[in-house]
Amino acid sequence: MGWLSAVSAAVVLVLLLRDFISCEDPYRFFTWNVTYGDVYPLGFKQQGILINGQFPGPTIESVTNDNVIIHVFNNLDEPFLISWNGLQQRRNSWQDGVWGTNCPIPPGRNFTYTLQVKDQIGSYFYFPSLAFHKAAGGYGGIKIASRSVIPVPFPPPAEDYTILAGDWFNQSHNDLKAILDSGHNLPFPDSLLINGRGRNGYVFTVEHGKTYRFRISNVGLTTSINFRIQGHKMVLVEVEGTHTLQNTYDSLDIHLGQSYSVLVTADQPPQDYYIAASTRFTPQVLTATSVLRYSNSQKSVSGPPPGGPTIEIDWSINQARSLRRNLTASGPRPNPQGSYHYGLINTTRTIRLANSAPIINGKQRYAVNGVSFIPADTPLKLADYFNIPGVFTLNSIPESPTGAGAHLQSSVLAVEYRGYAEFVFENYEDTLQSWHVDGHHFFVVGMDWGEWTPASRFTYNLRDTISRSTVQVYPKSWTAVYMPLDNAGMWNVRSQDWVRQYLGQQFYLRIASPANSWRDENPIPSNALLCGRAAGLKIKLL
Ligand SMILES: *[C@@H]1O[C@H](CO)[C@@H](O)[C@H](O)[C@H]1NC(C)=O
Ligand SMILES: *[C@@H]1O[C@H](CO)[C@@H](O)[C@H](O)[C@H]1NC(C)=O
Ligand SMILES: *[C@@H]1O[C@H](CO)[C@@H](O)[C@H](O)[C@H]1NC(C)=O
Ligand SMILES: *[C@@H]1O[C@H](CO)[C@@H](O)[C@H](O)[C@H]1NC(C)=O
Ligand SMILES: *[C@@H]1O[C@H](CO)[C@@H](O)[C@H](O)[C@H]1NC(C)=O
């Protein structure tokens, strides 16, 4: 890898000289070789997307405010991008790695992401965002630790484990994509995986009497999961960057794209225990297990894994409502999380988003407010920067449900910089939804059965709810969030259900600073790839 490091050093030097990045904060460098490789999660050979030969990929370990520089070499035979689920990337949607912000890295080429985990702590993950690559792996954990001067509301754990769990299919990502392209839905998944392995394929070793942190993300494609550890309690400490009230749970529902941190004390007789994840709200229940092994274990796992809730929705809503922010604990900064009074700020705008499942031109699609998203020929962010007409139209998606039929569109909603929005996710379907906003976190002020009305606001939690970047909406229910619009850029709002996302349940939120100043948004990076109608255009260097 000697030549590689040399190339990396050169690239970084160029970036440092040319680009606006915060120079006082530490740097972490990663070089990732993305390849196809054989994986055997279910005992037979499948095509996986590996990062440096690994599935799942390496974990990004970082500390608040670190600059994270990632050189990605695309050695697949098709275009590729990685995105960062839950990273705020302040002022920097240029690095978001989704179709609307970045040109794909062509096969055989490389791209350097320049991220900063500014003012963030917590547990997240990265994943491949194009086509249906996520079905082949290519994902990994992201940890952002607190700076050493910031008090953390629990003692340091003996070990900090990442768990990436989710559904998995027998078929390759290309076959799954072909099914969707032909206008059909996917079959039910074939299995769940925990850290890329099927049944008992992964072992976490613990010592009796010690306490461990587990950061669990649902990296799956289509199903919510329930997560539990046989014979052990889980103390919830963090949800997507919020330090929570430390409630104790026997099991946790984790919806698509969500991340949770729990503390688990190894206080049971020394033996092996099942760690179980099973599908939630599905007619058929799939379960994956891994093993919690005491270092002096006297007995291996046997018998059925512990059961959990399967179709109960009230149970899940009640658990969701029990998630609270610890108002006196610190977040990324020393001041307590309760010092930001999210519930006392007047909202400047209400945006209501309803999902639907229309058939368009004879094909299954998914839509938001009657618009099913399709990519244009040029990333929206580049079209915006170079003023290329005809790629997208501002407000090509209405800000409330229309009730009319759906159409295809590269939809962009414009919102005012530094506004404070109320988003209401309205679900008239009988399936569970999971919604995500890139580059932001939002306060989950309410969720309930039935239709949202202005009177629903009287039920909001305006005091101590959590903030996060992915939230579920139960069947025939609504979820409301408050979101500061303080991050200028072009940001993807999407279903975390990968079928729905792929077939159009997403759009972009354009937050433009009227000042057009570097203080509000980073300039285009000098290494930006240019494609579509932006190919060959000149980036004005600084
Ligand atoms: C990436 O891995 C492939 C397959 O192992 C290898 O052929 C290639 O040289 C590697 N590239 C880099 C940049 O390390
Ligand atoms: C990485 O990409 C840059 C252009 O973006 C190119 O100059 C460089 O040669 C590439 N490095 C390798 C090892 O392919
Ligand atoms: C909240 O955080 C404070 C400050 O770190 C801590 O002392 C307290 O135990 C936490 N409370 C709960 C209920 O988690
Ligand atoms: C997936 O593969 C496994 C192992 O070969 C097999 O048992 C299972 O039936 C397959 N599922 C489907 C839907 O073909
Ligand atoms: C919010 O709006 C109310 C009524 O319009 C006003 O009285 C109040 O001062 C506003 N609060 C803030 C924090 O701007």
Side-chain angles (χ1 to χ4, degrees), residues 38-48 121-122 135-136 145-157 167-173 175-176 178-179 184-193 197-201 211 213 221-223 233-239 241-249 260-265 279 282-288 321-350 416 418-422 443 445 454 457 460 462-467 482 484-486:
D38 296 340
V39 295
Y40 298 81
L42 305 177
F44 58 94
K45 184 160 89 180
Q46 292 185 269
Q47 183 189 54
I121 54 167
S146 299
R147 287 180 289 142
S148 56
V149 294
I150 311 278
V152 174
F154 47 90
D167 54 0
W168 184 258
F169 289 81
N170 281 8
Q171 283 160 284
S172 73
H173 69 94
D175 290 346
L176 296 173
I179 296 174
H184 298 96
N185 236 313
L186 294 189
F188 190 65
D190 294 295
S191 181
L192 289 186
L193 301 186
R197 315 274 181 87
R199 198 173 176 70
N200 299 339
T211 297
R213 180 173 186 169
L221 303 165
T222 64
T223 63
K233 302 277 186 205
M234 299 185 288
V235 176
L236 186 70
V237 292
E238 179 252 334
V239 177
T242 301
H243 281 139
T244 59
L245 286 189
Q246 296 176 6
N247 297 329
T248 300
Y249 297 90
Y260 287 81
S261 277
V262 297
L263 297 181
V264 177
T265 300
T279 57
T282 52
Q284 175 194 345
V285 179
L286 297 172
T287 301
R321 288 182 178 147
S322 74
L323 307 180
R324 297 294 172 88
R325 153 183 313 266
N326 181 336
L327 296 173
T328 59
S330 305
R333 301 198 217 207
N335 47 325
Q337 294 184 131
S339 58
Y340 183 77
H341 298 285
Y342 71 89
L344 299 181
I345 302 168
N346 289 335
T347 55
T348 56
R349 184 159 183 181
T350 294
E416 60 289 355
R418 294 206 189 286
Y420 192 65
E422 173 189 45
F443 296 85
V445 291
R457 292 179 176 134
Y460 285 2
L462 298 180
R463 204 182 84 84
D464 67 347
T465 191
I466 55 168
S467 62
Y482 281 178
L485 305 171
D486 56 0

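Note that the structure is predicted; figures quoted are calculated from it, not measured. One-based numbering, in listed order, for ligands and for the atoms of each. Computed over heavy atoms, backbone and side chain alike; hydrogens, waters and symmetry mates excluded.
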Heavy-atom nearest option to atom 8 (C) of ligand 5, drawn from L344, T347, N346: N346
L236 and M234, any side-chain heavy atoms less than 4.5 Å apart: no
Student check: side-chain heavy atoms of R213 and L263 closer than 4.5 Å: yes
Numbered atoms and elements of ligand 3 in range of N326, under 4.0 angstrom, heavy atoms: 1 (C), 2 (O), 3 (C), 8 (C), 10 (C), 11 (N), 12 (C), 14 (O)
Subset of ligand 3 atoms that lie under 4.0 Å from at least one heavy atom of P153: 2 (O), 5 (O)
Ligand 3 atoms in contact with T328 (distance to a heavy atom under 4.0 Å): 1 (C), 2 (O), 3 (C), 4 (C)
Atom indices of ligand 3 within 4.0 angstrom of A329 heavy atoms, with elements: 2 (O)
Note, F188 side chain near D167 side chain (heavy atom, < 4.5 Å): no
Ligand-side contact atoms (ligand 4) for residue partner F44, heavy atom cut-off under 4.0 Å: 2 (O), 3 (C), 4 (C), 5 (O)
Protein non-hydrogen atom found under 4.0 Å from atom 5 (O) of ligand 5: no
Plane angle bin for H243 and F154 - parallel if under 30°, tilted between 30 and 60°, otherwise perpendicular: perpendicular
Y260 vs Y249, ring-ring contact (aromatic ring centres under 6.0 Å, His included): CA-CA, chis, key distance, verdict: CA-CA 12 Å; Y260 287 81; Y249 297 90; 8.6 Å; no
Exercise check, heavy-atom protein proximity under 4.0 Å to atom 2 (O) of ligand 5: yes
Atom indices of ligand 4, in the order listed, that fall short of 4.0 Å to a heavy atom of N170: 1 (C), 2 (O), 3 (C), 8 (C), 10 (C), 11 (N), 12 (C), 14 (O)
Exercise check, heavy-atom protein proximity under 4.0 Å to atom 14 (O) of ligand 5: yes
Note, V152 side chain near I150 side chain (heavy atom, < 4.5 Å): no
D190 heavy atom under 4.0 Å from ligand 4: yes
Y482 and Y460 aromatic ring geometry - parallel, tilted or perpendicular at 30°/60° bounds: perpendicular
Any T222 side-chain heavy atom under 4.5 Å of T282 side chain: no
